[in-house]
Amino acid sequence: MAGYFCYAIIGQQTELARIHQETEMVNSRMAEAVELNKSLVAEKEKLNTATYIEKVAREQLGLVKPGEVPYIPSR
């Protein structure tokens, strides 16, 4: 009887430790997802501003305003 009791207690403790470890892993992944979501929401907010759109158009697409001359530095 005492052997079965010890076996049951050890089994439960092992299962609880595994569940606790999984919970910590899920909480960590959730925190990372929340941070990613915050950065994506901030990026979305920036995409709605004319200055950011102009910056992206100039830097990534190489666009210029009418009358401007593009400057390409030599390396």
With Glu24, which residues qualify under side-chain hydrogen bond (donor to acceptor under 3.5 Å, both in side chains), at least two apart?
none
Looking at Ile9, is its backbone amide N or carbonyl O close enough to the side chain of Gln12 to form a donor-acceptor pair, meaning the two atoms are under 3.5 Å apart?
no
Who passes salt bridge (charged side-chain N to carboxylate O under 4.0 Å, His left out) against Glu22, sequence neighbours left out?
Arg18
Would you please say whether a donor-acceptor pair under 3.5 Å links the side chains of Tyr52 and Glu43?
yes
How many angstroms lie between CG in Leu36 and CZ in Arg29, if you round to the nearest 0.5 Å?
12.5 Å
Are Val56 and Leu47 co-members of a hydrophobic cluster defined by side-chain heavy atoms under 4.5 Å apart?
yes
Apply the side chain to side chain contact (heavy atoms under 4.5 Å, CB included) test between Arg58 and each candidate in Gln60, Glu54, Lys55; give the one that qualifies.
Glu54
One should read off an interatomic distance between Leu61 CG and Ile53 CD1, to the nearest 0.5 angstrom, of 11.5 Å
Could you measure the distance from the CD atom of Glu15 to the CD atom of Gln13? Nearest 0.5 Å is fine.
11.0 Å
By side-chain hydrogen bond (donor to acceptor under 3.5 Å, both in side chains) - contacts of Glu35 (at least two apart)
none
At what distance, to the nearest 0.5 angstrom, does CD of Glu45 lie from CG of Leu40?
12.0 Å
